[in-house]
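Everything numeric here is computed off the predicted structure, so don't read it as measured data. Hydrogens, waters and symmetry mates are skipped; everything else that's a heavy atom, side chains included, is used. In this chain, numbering begins with 1 at the start of the sequence shown.
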Amino acid sequence: MPQKPKRIAKYKIIEEYILEKIKSGEYTKGQLIETEQELIEKFSVSRVTVRQATNNLVAKGYLSRSQGSGTFVSSQKIVGRTTNVKSFTDEMKEMGKVASTEVLEFKIISASPEIALKLQMEKGNPIYFIRRLRKADDDPMMLETSYMSVEDYPDLSYGNITGSKYQYIEEVKNQTIDHSHHVVVPIMPTEEIVKYFNYNPEQPLIKLLNTTFLTTGKILDYTEVILNSEKYQYQSIRAK
């Protein structure tokens with residue numbers, strides 16, 4: 001018996017409709033898109049459905065939302081990001097930008113059950129808690145919170161994390177990074193994010209849950225990265 005074709009969610013239809021208009025040039029940079037009410041009437045959907053579609057495109061960097069003004073096509077002041085394993089420093093250098101790091105916190109804590117599971121270790125083991133604000137040409141691009149094993153990297157220092165952590169791993173520890181596993185989730189900004197990014201509190205952004213593996217199969221770190229969606233776009237490249 002033939003399978004019934006899967007129904008496409010209505011918010012996805014609206015999302016693709018808007019995205020096609022952007023890609024075709026019908027919507028230009030800085031242009032206001034159709035109002036929520038116009039989209040509601042065009043697709044016979046609820047306001048919640050329309051908002052879900054536009055929120056997704058805001059989080060992906062295609063749209064921006066200004067309170068009282070509406071939703072418009074992003075000015076695309078965005079730096080691309082891919083799933084290739086590459087340091088932030090190298091990524092910015094390739095794009096002609098100067099990377100810098102502000103270390104907000106660097107301390108040793110006990111691994112919670114959740115983080116211990118992520119790092120594949122016993123709960124309560126000592127781990128590094130590292131929170132960094134990553135910038136390009138002094139513009140904040142991401143807020144990064146990392147967890148690493150103290151036992152595996154007892155000599156990790158404040159100096160190592162003010163630059164490229166990957167450089168420390170590969171050049172100091174002589175270890176090779178193999179791949180990273182990403183989970184992407186949209187979130188609403190916290191007060192902390194609004195402060196660091198000077199961000200619209202009503203505009204969603206992207207959070208990456210990232211586990212990086214070495215060629216030995218061991219886990220290097222678990223990192224939660226919040227991207228400044230107005231300036232830094234996440235892109236995924238898949239090989240067949």
Query raised in the report: Under 30°, 30 to 60°, or over 60°: which ring-plane class applies to Phe129 and Tyr147, parallel, tilted or perpendicular?
Result: perpendicular
Report summary line: All heavy atoms of Gln31 vs all of Glu26, minimum pair found to be OE1-O, 3.5 Å
Query raised in the report: Taking side chain as C-beta onward, heavy atoms only, is Asp139 less than 4.5 Å from Asn228?
Result: no
Report task. Could you state whether Val183 and Leu143 fall into the same hydrophobic cluster, counting links through intermediate Ile, Leu, Val, Met, Phe, Trp or Tyr residues with side-chain heavy atoms under 4.5 angstrom apart? Result -> yes
Query raised in the report: If you draw a 6.0 Å radius around CG in Asp138, do more than 12 non-hydrogen atoms from other residues or ligands fall strictly inside?
Result: no
Requested in this report: Not counting sequence neighbours, which residues clear side chain to side chain contact (heavy atoms under 4.5 Å, CB included) with Thr101? List them please.
Outcome: Val103, Arg132, Arg134
**Report entry** Greater than 12 external heavy atoms within 6.0 Å of Asn198's CG
**Finding:** no
Requested in this report: Quick one: do Leu57 and Thr71 satisfy side chain to side chain contact (heavy atoms under 4.5 Å, CB included)? Show the steps, please.
Outcome: CA-CA 10 Å; Leu57 291 174; Thr71 303; over 6 Å; no
Query raised in the report: Between atom CD of Gln203 and atom CD1 of Ile193, what is the distance when rounded to the nearest 0.5 Å?
Result: 13.0 Å
Query raised in the report: Nearest heavy-atom pair of Tyr153 and Tyr128: which atoms, and what distance?
Result: O-OH, 2.6 Å
Requested in this report: Flag the pair Asp137 / Val98 as yes when at least one side-chain heavy-atom distance between them is below 4.5 Å, and no otherwise.
Outcome: yes
Report task. Evaluate side-chain hydrogen bond (donor to acceptor under 3.5 Å, both in side chains) for Tyr17 paired with Glu34, printing each intermediate quantity in order. Result -> CA-CA 11 Å; Tyr17 164 79; Glu34 292 160 89; 2.7 Å; yes
Query raised in the report: Distance from Glu15 atom CD to Thr54 atom OG1, nearest 0.5 Å?
Result: 9.5 Å
Report summary line: Here the gap from Asn160 atom CG to Asp155 atom CG, rounded to the nearest 0.5 Å, amounts to 7.0 Å
Would you be so kind as to tabulate the donor-acceptor pairs closer than 3.5 Å made by side chains of residues 107-120, with sequence neighbours excluded?
{"unit_1": "Lys107", "atom_1": "NZ", "unit_2": "Glu105", "atom_2": "OE1", "d": "3.3"}
{"unit_1": "Ser112", "atom_1": "OG", "unit_2": "Ile115", "atom_2": "N", "d": "3.2"}

Query - Minimum side-chain heavy-atom gap Val73-Thr28 below 4.5 Å - result: no
Report task. Could you go through the side chain to side chain contact (heavy atoms under 4.5 Å, CB included) check for Leu227 and Phe197 one step at a time? Result -> CA-CA 9 Å; Leu227 303 182; Phe197 290 174; over 6 Å; no
Report summary line: Note: Asn210 and Ser180 closest approach over all heavy atoms is OD1-CB, 3.2 Å
**Report entry** Inter-residue atom distance Glu170.CD - Gln175.CD, 0.5 Å rounding
**Finding:** 9.5 Å
Query raised in the report: Which residues satisfy the ring-ring contact (aromatic ring centres under 6.0 Å, His included) test with Tyr11, sequence neighbours excluded?
Result: none
Requested in this report: Run the numbers on Val184 and Leu208 for side chain to side chain contact (heavy atoms under 4.5 Å, CB included), then give the verdict.
Outcome: CA-CA 5 Å; Val184 184; Leu208 301 180; 3.5 Å; yes
**Report entry** All side-chain hydrogen bond (donor to acceptor under 3.5 Å, both in side chains) counterparts of Arg131, not counting sequence neighbours
**Finding:** Thr145, Glu192
**Report entry** Approximate separation, where rounding is to 0.5 Å, of Ser149 OG and Ile127 CD1
**Finding:** 9.0 Å
Query raised in the report: Pro140 and Leu133: which non-hydrogen atoms are nearest, and at how many Å?
Result: CB-CD1, 4.3 Å
Query - Heavy-atom closest contact (Phe106 atom, Tyr158 atom, distance) - result: CE2-N, 3.5 Å
Query - Nearest atoms (heavy-atom pairs only) where Leu214 meets Ile169 - result: CD2-CG2, 4.2 Å
**Report entry** side chain to side chain contact (heavy atoms under 4.5 Å, CB included) against Asn125, all qualifying residues, sequence neighbours excluded
**Finding:** Met121, Glu122
Distance-only donor-acceptor pairs under 3.5 Å for side chains of residues 215-225, two or more places apart:
{"unit_1": "Thr216", "atom_1": "OG1", "unit_2": "Lys218", "atom_2": "N", "d": "3.4"}
{"unit_1": "Lys218", "atom_1": "NZ", "unit_2": "Asp152", "atom_2": "OD1", "d": "3.3"}
{"unit_1": "Lys218", "atom_1": "NZ", "unit_2": "Asp152", "atom_2": "OD2", "d": "3.2"}
{"unit_1": "Asp221", "atom_1": "OD1", "unit_2": "Thr212", "atom_2": "OG1", "d": "3.4"}
{"unit_1": "Asp221", "atom_1": "OD2", "unit_2": "Lys165", "atom_2": "NZ", "d": "2.7"}
{"unit_1": "Asp221", "atom_1": "OD2", "unit_2": "Thr223", "atom_2": "OG1", "d": "3.3"}
{"unit_1": "Tyr222", "atom_1": "OH", "unit_2": "Glu224", "atom_2": "OE2", "d": "2.9"}
{"unit_1": "Thr223", "atom_1": "OG1", "unit_2": "Ser146", "atom_2": "OG", "d": "2.9"}
{"unit_1": "Glu224", "atom_1": "OE1", "unit_2": "Lys207", "atom_2": "NZ", "d": "3.4"}

Requested in this report: Give, for atom CD1 of Ile226 and atom CE of Met142, the distance between the pair rounded to the nearest 0.5 Å.
Outcome: 11.0 Å
Query - Phe43/Lys10 under side chain to side chain contact (heavy atoms under 4.5 Å, CB included): CA gap, chis, key distance, verdict - result: CA-CA 8 Å; Phe43 292 95; Lys10 289 186 176 180; over 6 Å; no
Query raised in the report: Is it the case that one hydrophobic cluster holds both Val194 and Tyr196, taking links as side-chain heavy atoms less than 4.5 Å apart, direct or via other members?
Result: no
